[in-house]
**Q** 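Have a look at this one before I ask anything.
Counting convention: from 1, in listed order, for ligands and their atoms alike. Starting from 1, each residue takes its place in the sequence as its number.
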Amino acid sequence: MEHAASRGSFSGRLGFILAAAGSAVGLGNLWRFPYLAEQYGGGAFLVTYLVLVVTFGVALMITEIAIGRRTGKSCIDAFLDLGEKYKIIGWIIAIIPLIIVPYYCVIGGWVTKYCVEYMSGMGSTLANGSFFGDFTSAALPGLFDSPVIWFVIYAILSVAVVAFGVQKGVERMSKILLPALLVLLVGICLYMLTVDGIADGLKYYLVPDFGDFSMKTVLGAMGQLFYSLSLAMGIMITYGSYMRKNVDIEKSAYTICLMDTCVAFLSGLMIVPAVVVFIGPGLSSGFGLMFETMPLVFESMPAGHIVGAVFFLLAMFAAWTSSISLAETAVSIFKDRWRWRRSTACVACLALILALGILSCLSFGPLADVKIIGMGFLEFFDFITNSVLMPIVAILTCIIIGYIVKTKFVVDEIELSGRFRMKPIYNALIMVVCPVFMALILVSGLLSYFGIYTI
Ligand code: PFF
């Protein structure tokens, strides 16, 4: 079996942190977090989210990174190292990025299209109420108005970075894109603060409304947390396997979680108050917020087209580093399992993205009538990974590490590179708190999806 040294590695702590944070900071921070924060009581949600991230989120992330670094392998082989019969869990994890990366590239393609439109001065077209629907349903005539073209361009861009390898591709791009994203994000936030009447919008976003606080707030925050931190999809195991032994796992995990949370918070700051001022309270959920509401906001605000261009550029950077991490995880699985060369694995990964992604890409237009358990392709792929497979993987990982392999496996790896400050509560988190909450997320997600019961 290939060992870590021959598989490539990050150059050091900064490289690892920026790549992992780049993975975590994604579209989830931009369109999912602001909407959830608004729905679940503003500041009350922010406080709940923060508490959960520094306990639960960090514990899960540490566990995945440690499994990767200790075994020096990607998910299937890493779980095989834990015991022959756990290979199946590795396989389930391996399927997750393979399902997610194609549809993530479809959404990445939409973002790229919007970015190019704003940059070429055509932003007003996007604010026309029917544009998003017409574009995603492939109803527009021009070649560059087809979602398929943008999906293909975006997929090639993502896999091309992975083809350059861990340090020269993934790490180098993350070192450019993530800082650039932060600068653009802070820039827009500062600009938003100068908009007339923004104080009311800010109050709406920031003042805690504990009247709205319920079990739903906690479950909503928990679900968002493991989506946003790129947990339970093999990414942190893979990135851990590229991490040098002298890098402090715990400190790195805190830094990654903190960066991800800051970006989520700032995204809310950039989006929620402006929507409240220009459109009114009550954010739309899902894609509508980013692709329909935001263009309307940019249309109404001074210098809106410039802000729009910057907004979609930063969204593209956020999406790009995430899809790179998903593609790298898929490629590392092909490489480790079948000993393929990186170039072969990249070609296979691109072929898979194109074959599977086209279904999602057309699921709002020509394939709109094809339904799996009542959902279109994109919605189904998102549901089956985020609401079913990922919670199951998280529960199984906790059970294996907590009860079978024992937490010493993780603790020893972390103590190789520093003091493990969370140690006193780590066992309780991994053996009890995490699996119980994950089970609650799984059950409540399934029940509410099928409209049986909503907490
Ligand atoms: N953590 C990233 C995001 O928040 O967008 C990446 C990601 C998470 C991609 C979950 C896909 C996914 F289902």
**Q** With heavy atoms of Ser322 as the reference, note each atom of ligand 1 found under 4.0 Å away.
**A** 2 (C), 6 (C)

**Q** Is there side-chain contact between Met233 and Leu389, with heavy atoms separated by less than 4.5 Å?
**A** no

**Q** Please verify whether a non-hydrogen atom of Ser23 lies at under 4.0 Å from ligand 1.
**A** yes

**Q** Note the single closest protein heavy atom to atom 9 (C) of ligand 1, along with its residue, its atom name and the distance in Å.
**A** Tyr104 CE1, 3.3 Å

**Q** Assess Phe33 for proximity to ligand 1: is some non-hydrogen atom of it under 4.0 Å away?
**A** no

**Q** With side-chain hydrogen bond (donor to acceptor under 3.5 Å, both in side chains) as the test, pick out the partner of Ser74 among Thr329, Thr238, Asp336.
**A** Asp336

**Q** Would Arg244 count as a cation-pi partner of Phe10, with NZ or CZ less than 6.0 Å from the six-membered ring centre and within 45° of the ring normal?
**A** no

**Q** If the cut-off is 4.0 Å to any non-hydrogen atom of Tyr103, which atoms of ligand 1 fall inside it?
**A** 13 (F)

**Q** Using non-hydrogen atoms of the residue, decide whether Met390 is closer than 4.0 angstrom to ligand 1.
**A** no

**Q** Can you find a heavy atom in the side chain of Met270 that is under 4.5 Å from one in the side chain of Cys189?
**A** yes

**Q** I want to check something: taking the side chain as every heavy atom from C-beta on, are Met215 and Leu440 in contact at a cut-off of under 4.5 Å?
**A** yes

**Q** Heavy-atom contacts with Ala24 under 4.0 Å: which atoms of ligand 1 show up? List them by number with element.
**A** 1 (N), 2 (C), 3 (C), 4 (O)

**Q** Which residue and atom name correspond to the protein heavy atom nearest atom 13 (F) of ligand 1, and how close is it?
**A** Asn386 ND2, 3.1 Å

**Q** So, do Val106 and Tyr154 sit near enough that their side-chain heavy atoms are less than 4.5 Å apart?
**A** no

**Q** Could you check whether any side-chain heavy atom of Met390 comes within less than 4.5 Å of a side-chain heavy atom of Met438, counting everything from C-beta outward?
**A** no

**Q** Does at least one non-hydrogen atom of Thr385 fall below 4.0 angstrom from an atom of ligand 1?
**A** no

**Q** Among all protein heavy atoms, pick the one closest to atom 11 (C) of ligand 1 and tell me residue, atom and distance.
**A** Ile100 CG2, 3.4 Å

**Q** Can you classify the ring geometry of Phe45 versus Tyr49 as parallel (below 30°), tilted (30 to 60°) or perpendicular (above 60°)?
**A** parallel

**Q** Closer than 4.0 Å to some heavy atom of Ser230 - which atoms of ligand 1 meet that?
**A** 1 (N), 2 (C), 6 (C)

**Q** If you measure every N or O of Val25 against every N or O of ligand 1, does any of those distances drop under 3.5 Å?
**A** no

**Q** Give me the nearest non-hydrogen protein atom to atom 8 (C) of ligand 1 as residue plus atom name, then the distance to 0.1 Å.
**A** Tyr227 O, 3.1 Å

**Q** Under 4.0 Å from any heavy atom of Met233, which atoms of ligand 1 are there?
**A** 8 (C), 10 (C), 12 (C)

**Q** Looking at Tyr118, Trp110, Phe317, which one forms a ring pair (Phe, Tyr, Trp, His ring centres under 6.0 Å) with Phe312?
**A** Tyr118

